Amino acid sequence: MTDEFDSTFSSPSSPDDDHRNRAVALAQRLGQALEARGWRVATAESCTGGGIAAAITEVAGSSAWFEYGLVTYANGAKQRLLGVSAETLEAEGAVSEAVVRQMARGALSLAEADLAVAVSGVAGPGGGSPEKPVGTVWLGWSRCGDGGVESGARCCHFDGDRAAVRGQTVVAALEQLLALTERFPESQGAAESTV
């Protein structure tokens, strides 16, 4: 009976499993990099619905580098919680460079974190337009540094169904956070405490 059950309900690895496995591996590396620098990260998510925060908190001990994850799916939530301006939302739309930059800055400020990432996109299957087809995702980030707040954004285009677009977005956000973190040396205090 057990063999029949296992063969009926087990399936080969899916793209969603691949995205999840990649996200967890990236989150582990990110956690090590953040901890080595004594940094904390925050997330502001729309189309991923908390998927980036879920990947980060999959790692044991993540409370050392993660405190805030905001899911701001509705425009009103983006405005109230993250300070995204109504004018920007009206002029650019939620899936835009200007909005994810404001989302990331808002998360960074609210969490008093060192680094923040924000995503807003069209995961599908509906909601796309000729200008912003399904799979269009804007990824934004902000980092507190000695010279103030550094921020950036990029537009991504992902293929697949809703789960695939969301999974690829989580992976891209974690890759971006890791790349930003690794640009800076480990802090002396963190390096000394691990020796």
Side-chain angles (χ1 to χ4, degrees), residues 22-48 50-72 77-89 91-92 94-121 137-156 169-195:
R22 177 89 174 116
V24 170
L26 284 163
Q28 288 171 336
R29 288 180 54 204
L30 175 63
Q32 292 168 348
L34 290 166
E35 191 168 36
R37 288 156 182 81
W39 288 4
R40 290 174 306 114
V41 67
T43 61
E45 304 180 59
S46 186
C47 63
T48 50
I52 301 164
I56 291 171
T57 58
E58 186 79 19
V59 179
S62 56
S63 61
W65 58 85
F66 181 78
E67 289 182 30
Y68 280 69
L70 296 107
V71 177
T72 54
K78 289 175 181 68
Q79 291 174 282
R80 283 189 301 280
L81 298 174
L82 299 170
V84 175
S85 78
E87 295 79 16
T88 302
L89 284 162
E92 305 290 332
V95 180
S96 65
E97 177 179 1
V99 166
V100 295
R101 282 178 180 262
Q102 288 182 23
M103 289 172 67
R105 280 182 174 259
L108 189 75
S109 175
L110 181 67
E112 296 179 354
D114 301 286
L115 188 61
V117 69
V119 293
S120 187
V137 177
W138 273 96
L139 170 66
W141 59 90
S142 288
R143 187 191 73 81
C144 277
D146 295 333
V149 176
E150 167 194 351
S151 57
R154 66 184 169 106
C155 187
C156 305
T169 302
V170 169
V171 167
L174 293 168
E175 287 172 339
Q176 185 66 56
L177 287 170
L178 185 60
L180 288 166
T181 303
E182 290 180 339
R183 284 181 22 210
F184 298 91
E186 296 180 7
S187 70
Q188 290 296 338
E192 290 168 7
S193 68
T194 60
V195 175

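Since the model is a prediction, treat every value here as computed from it, not as a measurement.
Each of Leu115, Asp114, Val117 was evaluated against Leu180; a single residue qualifies, Leu115, per the side-chain contact (heavy atoms from CB on, under 4.5 Å) test. Under the side-chain contact (heavy atoms from CB on, under 4.5 Å) test applied with Thr43, the options Ile56, Leu70, Val170 reduce to a single match, Ile56. Applying the side-chain contact (heavy atoms from CB on, under 4.5 Å) test between Leu82 and each of Leu108, Val99, Thr72 identifies Thr72 as the sole match.
Nearest heavy-atom pair, Thr169 versus Thr48, reported as atom, atom and distance to 0.1 Å: CG2-CG2, 3.5 Å. When all heavy atoms of Glu35 and Ala64 are compared, the closest pair comes out as OE2-CB, 4.2 Å. Taking all atoms of both residues into account, the shortest heavy-atom contact from Glu45 to Gly51 is OE1-N, 2.9 Å. Nearest approach of Met103 to Ala44, heavy atoms of both residues: CE-O, 3.7 Å. Across all their heavy atoms, Ala98 and Thr88 have their closest contact at CB-CG2, 3.5 Å. Minimum interatomic distance between Ser142 and Val149 (heavy atoms only, all atoms of both residues): CB-CG1, 4.0 Å.
With hydrogens and angles ignored, the 3.5 Å screen pairs a side-chain donor or acceptor of Ser120 with a backbone N or O of Ala94. Glu58 places no side-chain N or O within donor-acceptor distance of the main-chain N or O of Ala27, the cut-off being under 3.5 Å. Between the side chain of Arg29 and the backbone N or O of Leu178 there is no donor-acceptor pair closer than 3.5 Å.
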Applying side chain to side chain contact (heavy atoms under 4.5 Å, CB included) to Trp141 and Arg154, what does each step give before you reach the verdict?
CA-CA 9 Å; Trp141 59 90; Arg154 66 184 169 106; 4.2 Å; yes
Under the criterion side chain to side chain contact (heavy atoms under 4.5 Å, CB included), I'd like the reasoning laid out for Lys78 against Gln102: C-alpha separation, chi angles, the key distance, then a yes or no.
CA-CA 9 Å; Lys78 289 175 181 68; Gln102 288 182 23; over 6 Å; no
Let's go through Ile52 and Leu174 carefully: what are the C-alpha distance in whole Å and the side-chain angles of both, what is the deciding distance for side chain to side chain contact (heavy atoms under 4.5 Å, CB included) to 0.1 Å, and is it a yes or a no?
CA-CA 7 Å; Ile52 301 164; Leu174 293 168; 4.2 Å; yes
Could you go step by step and tell me if Val59 and Trp65 meet the side chain to side chain contact (heavy atoms under 4.5 Å, CB included) rule?
CA-CA 11 Å; Val59 179; Trp65 58 85; 3.8 Å; yes
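Taken to the nearest 0.5 Å, the OG1 atom of Thr181 stands 9.5 Å off from the CD atom of Gln176. Taken from CD in Glu92 to CD in Glu87, the straight-line distance is 12.0 Å, to the nearest 0.5 Å. Summarising the geometry, atom CG belonging to Leu81 is positioned 11.0 Å from atom OH belonging to Tyr68; distances are rounded to the nearest 0.5 Å.
Evaluation of the salt bridge (Lys or Arg N to Asp or Glu O under 4.0 Å) rule for Arg80 yields no partner, not counting sequence neighbours. Residues forming a salt bridge (Lys or Arg N to Asp or Glu O under 4.0 Å) with Arg40 (at least two apart in sequence, or on another chain): Glu67. With sequence neighbours excluded, the residues satisfying salt bridge (Lys or Arg N to Asp or Glu O under 4.0 Å) with Glu150 are Arg143, Arg183.
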